[in-house]
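Convention: sequence-line order gives letters A, B, ...; per-chain numbering from 1.
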Amino acid sequence: MRLSRYFAPTLKEAPADAEVISHKLLTRAGMIRRLTSGVYNYLPLGWRSLNKIAAIVRQEMDRAGALELHMPTVQPADLWRESGRWEHYGKELLRFVDRHDRECCLGPTHEEVITDLVRKEIKSYRQLPVNLYQIQTKFRDEIRPRFGLMRGREFIMKDAYSFDRDDAGAETSYRAMFEAYKRIFTRLGLRFKPVEADSGSIGGSFSHEFMVLAQTGEDVIASCTACDYAANVERAVARAAGTKDDAVPPALTTAPTPGKHTVEEVAAFLNVSADRIVKTILLDVDGQAVAALVRGDRELNPIKVKNLMNANAAVFATAEQVAAWTNAKVGFAGPVGLKVARVIADAELALREGWVTGANADDAHHVNVSLSRDAKVTEYADIRTIAEGDLCPLCGGAMEFPRGIEVGHVFKLGTKYSAAMRSVYLDENGKEQLMVMGCYGIGVSRVLASCIEQNNDEHGIVFPPPVAPFHVSLLNLDPKADDASAKAQEIHDALESAGLEVLLDDRDERPGVKFKDADLMGLPMQLVVGGKGLARGVIEAKDRRTGEKTDLPVDGFAAAFTAWKEAVYAGWGLEKAGGA
RNA sequence: CGGGAUGUGGCUCAGUCUGGUAGAGCACUGCGUUCGGGACGCAGGGGCCGGAGGUUCAAAUCCUCUCAUCCCGACCA
């Protein structure tokens, strides 16, 4: 491909609103252009990269036995009503009515459509299992799109759905997808980590997120340095460490704490450390008043409370609710004498005695509180967010907390949708059974962004070969000189016929411009054809990743190039690089 | 939806406070000189200053309303 005939508008400066490196570089390298908030044009270079990613995803999905199909973006409201999500999905679901006043939405995901399709067409156990997938545009009306392709409203996703006869089958399907995902991200050259995404029983979790490790990630991973345990911090099990050796304190007393309603203020005022204070957080859990107790230096995780109670939603109580439930303003709630439906204490609180808590009265706290003696705790459970210093819940090893970008998610759905939408089959005995489902997503456009987050330097993108839109930047520094042009064309043709994708910069530009653009676009291999090199009888080659330059002789170029290419690819350490 | 900010040629921005008839750099067109890490000169093209009202002799600039975008908090691939 000749760059003079290509459409790759590069920019010296990044748009002012681009914050993260992938957004800046994708824009500057002429790969994407923003159309409107969270919605992007994929220019030829960007689209090529995206298709490289999609091709690898396809190969691995097919290898794992999944079948590709394509479902519509426009979906009828009826299906969403059946699953119950028309009411529950929220505003991310972009709804509209058509000319006949029929309610529709743009698909943010396709559980409803696929379940509808399968329930109509699959009737027998003989037809199961099936795993169907598509690579398709999704729309989610995010409140705040940001970071370019990282969090768009319209994005490209691979979504797969498995249907099995029973739990065991669903688990097999799940494991097959899990393995396929590992292969995909490995082949793409990403540094990633599969992470538990469900707070369910340790080791038996049926939801994993695949995180690409990057400082700019929006998620934090709790990862054990000793064993394989890794989980999203939002879900990670926080282990209550230590033994109980505090003595039961003398009778509790009440201390005036005027205006001191935060943990820091109370700690400073009463001269105690934050880990000796109990925070009492009032939650509205499906309409029930619930008090959640955690140590003053910890963070409550409302999701854990929600899951513990098997509830639909656990939200912080409003100031009015707090006032009604505690007879005090916000900041003075405590478990002693508190009348709520449930008092859930973090497991860690069972290990100590002698707490400072709110007194359920304005401007007052209790001191020397024993939860077992003075309060009615319904139960002790893990309801806090794991933190720096916590130990691994599996092996007790030290934890670290790297940031990550969620690029994939595998989930065992069970019968949630098949039950709601009556997706059933007949078993060997002619008995009706619910299909057991799983769903598996990869954010294809997000993978592109993550790839660039992990692979860039001060000059631009450093594409791993499998993701690069072309393999070689071939710079003709003297397009007006016949010999250079002829040689460049000859090399271009030779490499292309050897199966490599070559972008020949034949533009009438000064050399500096070409060097800068080549570095910016980040194709893994650069070849320079110019008067100086030709005079020495060489084509200059540069490994974009290392910056290392090598002279390849014009005579015997093919062999020299092949050897060099192998070295460049080997440097990437990929199990199987793209191209010839 | 709250909190903060910004809208001026394709891009990055100045000009707004203190109204006086629109600028720079990059990009684009032509000519010339250049030509191995984002050249230079000359000459050009391109902007109803986000939109609508209002104040004023006069509005990018002041006022009101609106729309859009971006940044900080709760969702998700």
Which value, in whole Å, describes the distance between the C1' atoms of nucleotides B/A58 and B/U21? 9 Å

When you measure only distances, ignoring hydrogens and angles, does the side chain of A/Asp517 come within 3.5 Å of the base of B/G38 through a donor and an acceptor? yes

Pairs where residues 531-542 of chain A contributes a residue and the test side chain to side chain donor-acceptor pair (under 3.5 Å) is met, not counting sequence neighbours: A/Asp519-A/Lys542, A/Arg536-A/Asp551

Can you name the residues that form a side-chain hydrogen bond (donor to acceptor under 3.5 Å, both in side chains) with A/Lys158, not counting sequence neighbours? A/Tyr181

Could you work out, with side chain to side chain contact (heavy atoms under 4.5 Å, CB included) as the rule, every residue matching A/Pro72, not counting sequence neighbours? A/Val113

With B for base contact, S for sugar-phosphate-only contact and - for none (protein heavy atoms under 4.0 Å), nucleotides 3-14 of chain B reads ---------SS-

My understanding is that only residues two or more places apart in sequence, or in another chain, count here; which of them pass ring pair (Phe, Tyr, Trp, His ring centres under 6.0 Å) with A/Tyr6? A/Phe470

Which residues satisfy the side chain to side chain contact (heavy atoms under 4.5 Å, CB included) test with A/Pro511, sequence neighbours excluded? A/Leu477, A/Phe515

Residues that A/His409 engages under ring pair (Phe, Tyr, Trp, His ring centres under 6.0 Å), provided they are two or more places apart: A/Phe411

Restricting to side chain to side chain contact (heavy atoms under 4.5 Å, CB included), what partner residues turn up for A/Val233, sequence neighbours left out? A/Val220, A/Ala222, A/Ile386, A/Phe401

Do any pairs count as a side chain to side chain donor-acceptor pair (under 3.5 Å) and have a residue in residues 32-44 of chain A, sequence neighbours left out, and if so which ones? A/His23-A/Tyr40

Per-pair stack call A/Phe515 and B/G38, 5.5 Å, 30°: no

Taking ring pair (Phe, Tyr, Trp, His ring centres under 6.0 Å) as the test, write out the residues that go with A/Tyr440, two or more places apart. none

Enumerate the protein-to-nucleotides 73-75 of chain B contacts in which both atoms are nitrogen or oxygen and the separation is below 3.5 Å.
| unit_1 | atom_1 | unit_2 | atom_2 | d |
| --- | --- | --- | --- | --- |
| B/C75 | O2 | A/Glu142 | OE1 | 3.0 |
| B/C75 | O2 | A/Arg151 | NH1 | 3.4 |
| B/C75 | N3 | A/Arg151 | NH1 | 2.7 |
| B/C75 | N3 | A/Arg151 | NH2 | 3.4 |
| B/C75 | N4 | A/Arg151 | NH2 | 3.0 |

Contacting residues from residues 533-552 of chain A, given that a heavy atom lies under 4.0 angstrom of RNA chain B: A/Gly533, A/Glu540, A/Lys542, A/Lys549

